[in-house]
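Below: the structure, in structure tokens.
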Amino acid sequence: MARTPAELVGAQPDPPFEITFDGRRITAVPGQSVAAALWAAGILSWRTTRTGGRPRGAFCGIGQCFDCLVTINGDPNRRACLVAARPGDAVTTQEGHGHDRLGV
Amino acid sequence: MTDSASEPYDLAVVGAGPAGLAGAVAAAELGLGVVLLDASAHTGGQFYRQPAPQARAARPEALHHDWSAYAGLRRRLAESSVRHLPGHHVWSITHEAPAWSVHCLTGDDGSDEQPVRVRARAVLLATGAYERHLPFPGWTLPGVVSAGGAQAMLKSGLVLPGRRIVVAGSGPLLLAVASSLAAAGARVPALVEASGYLAYARHPRALAANPQKAAEALVHGAALLRHGVRLRSRSAVTAVHGTDRVEAVTVTRLDRTWRPVQGSGRRIACDALAVGHGLVPQIELATALGCATRTSADGTSALVLGPLQETSVRGLWAAGETGGVGGVRLALAEGELAGIAVAARLGAGRARGSRIVQLRRRRDRMRAFADAMAAAHTPGPGWRCWLADDTDVCRCEEVTAGRIREAVDDLGARDARTVKLLTRAGMGWCQGRMCGPAVACLAARDGAPEPPPERRPFAVPVPMSVLAQCADQPNTAP
Ligand SMILES: Cc1cc2nc3c(=O)[nH]c(=O)nc-3n(C[C@H](O)[C@H](O)[C@H](O)COP(=O)(O)OP(=O)(O)OC[C@H]3O[C@@H](n4cnc5c(N)ncnc54)[C@H](O)[C@@H]3O)c2cc1C
Ligand code: FES
């Protein structure tokens, strides 16, 4: 019986690379979303809410809930479940604010 | 016929899931110039979601039934003249005679600089569904993820939200999610279903006509047994415990109306919860164009479709979950039927009467089954008793159940729109996708809730700069 998802599908991924989350180094495999790389490192939250300051991370996993918003290389409000991780990405916890750039 | 590299195309297909793929391939094989747009970098949609090519998965089929159907479509797509545009997020469709304009943002999350417009004589909407959520105390805690989301992250990212995952909510998707999480190495201590599965027994005719569905349920059932997953029906997770992440959940028995049975709560230790209450058709691109909708058996809004999948707006077709949630095989049949119908309308190919008859029969049979399933999993009104006053209902704007009750009981709001104006519930980033069904129920008090109208100004959030540019936008780029 498979013990990991990668074993289940017989994945032999291209060589992994590093990204950072709030300065901490974590490993991502090519093609993985930022959210998947964070989950793989056991990290489930990377945003705090505007009003309550509560921790949030990926919820819907498919780009619809916007709970996974995060700052990537200084750029806020990126959906971590959609954006592919790239070598050297600096991912940082996003605190509060939201709508300034988008006209929802 | 236009050649596929020039505009306008004969057909623009929005969504490259099972329905959109089947439709694009069928239409192209009958000679149409087809463009296939999807927000995602890959074809396959929700069901055939798969690891990125760089993961080099030797057995991608391990997480899917019916992989061969997808492999066949993917091969036909590669051999066809269809122009596939991945990473295109469609935010609006407009009609400027004689063609439709499909407006897109580009990039992984739609944040690339260059917006794109694609023109086509007909449009097939195959945008699928999103998951329906009912709030409960603790559902915003990290480690609580949507059931379909856990499945999606597993299928594409090969990751799990925890090691010990309770699966809960309602609907057939939970069976698939629990069995794939367990197959991928998670321990699934319980699958908690709010309905009684016996409800299907009330529709023996629909079941008998769909032996494949019964077989699928058996496969999942056997997998769950093998992995030691305990099935608890007529129960719900009514509380999540933990401060910064999930440590345990309370599972409570429900009566027929989904009201918790006092004193029946049991704590189950876990580090994640995957939860969802069925699916909602994603139809805002169509409702913005005035397409008629109907309320389906499970209380969601779906598009009204003619015998050959055309919406109430001429020239605009739909297939798959947009016409009512019904699963992958129905999506495949409807997509193909729509592709053939568009080709016939535009005068391409020879009439394929016998195939049309066969597909229509298959579709009607599966729709009847889908309706029976939907009815069995319709939320009972008693779910509202799960809520504490401080439970967040709207995740984006952090609007609590207490504030919504105030708007309803004290200020007289009777529908989701009024509640939204009074409390901001549904006004945030997700535009009410996560809280809409729940807010509609709360606003209806004891009456039957009106399904939210699924009207949104844009299908995806749009930067102001793009809106400003819209008037003088160039036609599709490369
Ligand atoms: C998160 C999730 C997980 C699911 N997992 C399973 C499962 O494991 N097993 C199962 O049997 N069923 C699953 N389903 C049910 C699924 O809806 C159907 O079985 C099947 O995938 C439906 O096919 P479809 O072609 O109608 O839609 P989908 O497969 O949902 O395809 C729709 C496509 O349209 C694209 N799209 C939507 N809106 C836009 C837009 N505005 N612009 C551009 N592209 C857009 C999406 O990216 C997607 O690729 C899941 C559903 C969801 C929501
Ligand atoms: S997890 Fe919902 S948008 Fe990313």
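Quick caveat: nothing in here was measured; it's all calculated off a predicted structure. Letters go in sequence order (proteins before strands), and every chain restarts at 1.
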Which atom names give the shortest non-hydrogen contact between [X] and [Y], and what distance separates them?
X	Y	answer
T300(B)	L279(B)	CG2-O, 3.7 Å
A129(B)	E321(B)	CB-CB, 3.8 Å
P135(B)	A438(B)	CD-CB, 3.4 Å
P55(A)	D244(B)	CG-OD1, 4.2 Å
N73(A)	G88(A)	OD1-O, 4.3 Å
P437(B)	P452(B)	N-CG, 3.9 Å

Using non-hydrogen atoms only, which part of [X] is less than 4.5 Å away from chain A: side chain, backbone, both, or neither?
X	value
Q282(B)	side chain
Q46(B)	side chain
L141(B)	side chain
V144(B)	both

Looking at chain A, which one of [options] has the largest number of heavy-atom pairs inside 4.5 Å, strictly under?
options	result
L63(B), D108(B), L181(B)	D108(B)
R456(B), M434(B), E398(B)	E398(B)
S40(B), P53(B), A58(B)	A58(B)
D271(B), D392(B), V145(B), D109(B)	D109(B)

### Message
Using only non-hydrogen atoms and a strict under-4.5 angstrom cutoff, which residues of residues 17-35 of chain A touch chain B?
### Response
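Listed by number: P30(A), G31(A), Q32(A), A35(A).
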### Query
Parallel, tilted or perpendicular: which fits the ring planes of W67(B) and Y48(B), with parallel below 30° and perpendicular above 60°?
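Rings of W67(B) and Y48(B): perpendicular, over 60°.
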Whether [X] side chain and [Y] backbone form a donor-acceptor pair below 3.5 Å:
X	Y	result
H227(B)	S179(B)	no
E397(B)	R424(B)	no
H88(B)	V14(B)	no

### Query
Which atoms of D67(A) come close to chain B, meaning under 4.5 Å heavy atom to heavy atom: side chain ones, backbone ones, both, or neither?
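The side chain, not the backbone.
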#### Entry: Residues in residues 156-163 of chain B near chain A [non-hydrogen atoms, under 4.5 Å]
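The residues closer than 4.5 Å to chain A, in numerical order, are G157(B), L158(B), V159(B), L160(B), P161(B), R163(B).
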### Query
Which residue out of A40(A), C65(A), A37(A), A6(A) racks up the most heavy-atom pairs below 4.5 Å with chain B?
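The option with the most such pairs is C65(A).
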### Task
Could you check which of G52(A), A36(A), G61(A) has the highest count of heavy-atom pairs closer than 4.5 Å to chain B?
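Between G52(A), A36(A), G61(A), the count favours A36(A).
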#### Entry: Trace of the side-chain contact (heavy atoms from CB on, under 4.5 Å) decision for R395(B) with F59(A)
CA-CA 10 Å; R395(B) 301 174 66 96; F59(A) 180 68; 3.5 Å; yes
### Message
Run the salt bridge (Lys or Arg N to Asp or Glu O under 4.0 Å) test against R49(B) and tell me which residues pass, sequence neighbours left out.
### Response
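Applying salt bridge (Lys or Arg N to Asp or Glu O under 4.0 Å) to R49(B) gives none.
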### Message
Counting C-beta onward and ignoring hydrogens, is there a side-chain heavy-atom pair between W39(A) and L44(A) closer than 4.5 Å?
### Response
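With C-beta onward as the side chain, the pair touches.
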### Query
Between V275(B) and W139(B), is any pair of side-chain heavy atoms under 4.5 Å apart?
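No - every pair of side-chain heavy atoms lies 4.5 Å or more apart.
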### Task
Scan residues 428-439 of chain B for pairs that pass salt bridge (Lys or Arg N to Asp or Glu O under 4.0 Å), counting only residues two or more places apart or in two chains.
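Qualifying pairs, neighbours excluded: E284(B)-R433(B).
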